[in-house]
There are 2 protein chains.
Amino acid sequence: MEEKFVTIKDIAQKLGISVSSVSRALHNHPSISLKTRNKVRSMAKQLGYIPSSPAISFQRGKTGTIGVIVPKLSEPFFATALSAIENIATQRNYKILFGQSLDTEEKEKELVESMLHHRVEGLLISISKKTMNYSHLDALKRNHLPVVYFDCIPHQKNIHYVVCDLRNGTIEAMNYLLRKGHRTIGLINGPPSLFASMEREDGYFRALTMKRLKIDRSLIVSSDLSEAGTINAIETLLAKKKPPTAIITFNDFTAIYVINHLRKTNKYKKDLEFVSYANMPILKFMEYGPSASVEQFPYRQGEKSTEILLDLIQQKNVITSEPSAFFKVYVETQLIEKE
Amino acid sequence: MEEKFVTIKDIAQKLGISVSSVSRALHNHPSISLKTRNKVRSMAKQLGYIPSSPAISFQRGKTGTIGVIVPKLSEPFFATALSAIENIATQRNYKILFGQSLDTEEKEKELVESMLHHRVEGLLISISKKTMNYSHLDALKRNHLPVVYFDCIPHQKNIHYVVCDLRNGTIEAMNYLLRKGHRTIGLINGPPSLFASMEREDGYFRALTMKRLKIDRSLIVSSDLSEAGTINAIETLLAKKKPPTAIITFNDFTAIYVINHLRKTNKYKKDLEFVSYANMPILKFMEYGPSASVEQFPYRQGEKSTEILLDLIQQKNVITSEPSAFFKVYVETQLIEKE
DNA sequence: CTAAATTAAGCAAACGTTTGCGTTGGAAAG
DNA sequence: CTTTCCAACGCAAACGTTTGCTTAATTTAG
């Protein structure tokens with residue numbers, strides 16, 4: 001009744017040969033005759049032998065797994081990214097150990113530790129938005145573990161990362177609105193602490209500077225990205241003596257919150273235009289939504305970061321005296337206009 | 001330069017004591033004096049010791065991981081479910097090994113095998129929609145691996161599963177439409193091979209039977225769930241001499257495809273009512289969408305199935321002669337009406 | 001003051017697999 | 001008939017950790 005897994009030892013015993021021969025037979029080692037090889041194979045099948053990855057990992061010192069840490073999987077961006085990560089990893093015979101930080105520094109720390117315990121061969125991280133202290137990430141460097149950050153990256157030197165070029169994305173978005181004649185453009189940004197917020201703001205300024213237009217800082221308001229916080233933000237903007245005629249919002253949902261609020265309070269005007277980020281697929285079916293959205297290609301980001309990570313792992317397995325170069329990949333955004 | 005992980009052997013050597021003492025010291029074993037215990041702890045910290053999970057897993061024959069296989073993570077349902085799975089698993093000190101079948105039987109087979117290799121202690125599977133042959137699942141039974149299926153389950157006896165009660169969900173949806181006066185209700189279903197399709201159909205019939213209304217089988221059409229296939233389906237329905245006044249669609253996206261198509265071809269009528277399944281959060285912000293949607297609680301399904309699985313794993317570790325009972329959990333759906 | 005009990009530690013086996021090296025037996029070469 | 005060579009296989013160590021059993025030193029009891 002007590003089920004135990006069959007080992008090569010069992011096969012060896014049944015066949016009256018040594019374990020090393022069994023091991024070699026299963027790996028098609030040339031020094032094993034075809035006859036025994038076949039005997040071993042059929043006995044393995046008969047007994048239902050399943051090789052033990054833990055034992056193999058242990059003995060070779062390699063686990064064949066990479067760790068992935070994201071804030072929250074229920075965010076479509078990360079779900080899509082993880083989907084891509086799994087695809088690439090599987091293609092290259094790696095398995096995924098997965099964890100979510102839920103945007104807390106503590107859980108992120110625990111996860112990183114746990115990944116180290118499990119001897120993942122590399123780590124893909126999109127860091128928590130609340131992470132201020134990077135000491136747990138330093139531990140990774142000490143252990144020379146290949147790490148690639150994506151989307152949400154720490155403010156550190158000498159790291160590999162893959163991100164969207166949101167600054168340029170924002171410039172594109174601004175140019176789109178400027179081209180359509182808007183001259184008073186609002187920006188409902190995320191929390192100022194976020195790197196993503198800084199990039200949007202930066203792009204916003206750049207676009208105006210490039211066109212030699214003057215900058216009104218009060219057109220930038222910050223939201224905590226909740227529905228209530230966003231409604232607050234839009235009210236602030238519209239209360240201005242000269243309210244914006246177009247607004248860039250932190251993401252699609254932010255835009256939708258705003259538009260929904262305006263419609264409910266009868267303040268909605270068809271000529272108030274919105275541009276947001278993320279380009280959710282559902283967007284093109286929405287009657288009242290942003291007229292354009294900045295596509296961030298989560299799938300590509302996942303793919304690219306995984307490829308880099310796996311390359312780094314491979315590279316690590318060959319001796320090299322070269323000082324390592326650091327990859328900084330910027331995935332081009334694309335402004336998707338609603339037909 | 002060649003970084004090797006510090007082992008308890010290293011600690012033992014530095015301190016001139018045995019490895020067993022180090023191991024016990026780190027586990028606060030009573031037969032180790034406080035003095036050596038402290039010496040060991042500080043030396044471990046100083047050398048940067050990180051316990052090797054692979055070694056521990058190997059030696060104890062337990063990996064502390066569960067496997068999760070879903071068709072596609074980019075589907076929000078599975079992303080949300082996996083999010084819940086990870087939460088529960090982490091709470092109970094289990095790690096997640098993750099893979100996607102991409103709705104192909106072959107990949108699913110490979111994944112199941114790989115999970116067996118990795119000696120996961122249990123498996124959570126939502127099977128591929130194209131899986132017809134269950135031989136790879138039988139292998140799991142042979143190895144007495146606890147398995148809980150969720151959402152998409154195989155047509156087999158003696159398995160544990162967690163699903164939504166879509167039959168009742170459909171009855172609820174039907175009653176909602178009947179209450180609103182509709183008497184000719186269409187059903188755009190998914191592929192007939194899907195269990196989920198059968199349940200919808202079953203509920204559809206039941207609802208009509210319960211109200212002693214007559215059944216018109218031609219009001220049920222099947223779609224491959226692509227946009228084109230769905231458009232085909234709606235056209236079939238509307239071409240009838242007595243077209244439906246309300247339609248239940250396989251999911252939210254199906255409904256949206258249909259509505260979008262009707263609006264584009266100027267066939268949209270306000271009184272043609274839609275009810276769908278999934279209740280995507282964005283739905284309540286859509287001007288033209290289903291007027292109600294069947295919430296399937298992916299998060300709860302993920303939670304529940306993980307809890308059951310972990311309980312099964314624990315149970316397995318205590319000797320029991322009782323024949324195992326099989327859990328069949330039906331998560332109640334809820335019809336969410338648009339305000 | 002000896003015997004028993006207790007405390008603190010060490011020894012060694014075990015987990016499943018891989019792999020360098022050693023050992024056979026027989027065939028080919030001399 | 002030796003010697004050499006090769007094919008085919010076995011031996012044993014190693015990977016890092018845990019744990020049952022043993023041992024040594026110290027304390028307590030009688």
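First the proteins, then the strands, lettered A, B, ... as listed; each starts at 1.
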Practice task
May I have the distance from A:I17 (atom CD1) to D:dA7 (atom P), rounded to whole angstrom?
Solution key: 19 Å
Problem - Separation of C:dT6 P from B:I32 CD1 (nearest whole Å) - result: 19 Å
At less than 4.0 Å, is any side-chain N or O atom of [X] found next to OP1 or OP2 of [N]? Yes or no.
| X | N | value |
| --- | --- | --- |
| A:K9 | C:dC15 | yes |
| A:S21 | D:dG10 | yes |
| B:T7 | D:dG16 | no |
| B:S23 | D:dT18 | yes |
| A:T36 | D:dC9 | yes |

Exercise for the section: Please check if atom NZ in B:K129 has more than 12 non-hydrogen atoms from other residues, nucleotides or ligands closer than 6.0 Å. Expected result: yes
Problem - Side-chain-base donor-acceptor pair under 3.5 Å for A:R24 and C:dG20 - result: yes
Practice task
Check if the side chain of A:S18 and the base of D:dC9 share a donor-acceptor pair of N or O atoms closer than 3.5 Å.
Solution key: no
Contact class for [X] (heavy atom, under 4.0 Å): base, sugar-phosphate, or nothing?
| X | value |
| --- | --- |
| B:S33 | sugar-phosphate |
| B:P51 | sugar-phosphate |
| A:I56 | sugar-phosphate |
| B:S52 | sugar-phosphate |

Exercise for the section: Measure up the B:Y161 and B:Y330 rings against each other and bin them: parallel (under 30°), tilted (30 to 60°), perpendicular (over 60°). Expected result: perpendicular
Practice task
Determine the sole option in A:L124, A:L97, A:L73 for which the side chain to side chain contact (heavy atoms under 4.5 Å, CB included) test with A:V68 is passed.
Solution key: A:L124
Practice task
Compare the aromatic ring of A:F58 with the six-membered base ring of D:dC15 and state whether they stack according to the 5.5 Å and 30° rule.
Solution key: yes
Problem - Any donor-acceptor N or O pair under 3.5 Å, side chains A:T80, A:S83 - result: no
Problem - CA sep, side-chain torsions, deciding dist, call: A:S114, B:K95, side-chain hydrogen bond (donor to acceptor under 3.5 Å, both in side chains) - result: CA-CA 9 Å; A:S114 166; B:K95 292 224 67 80; 3.3 Å; yes
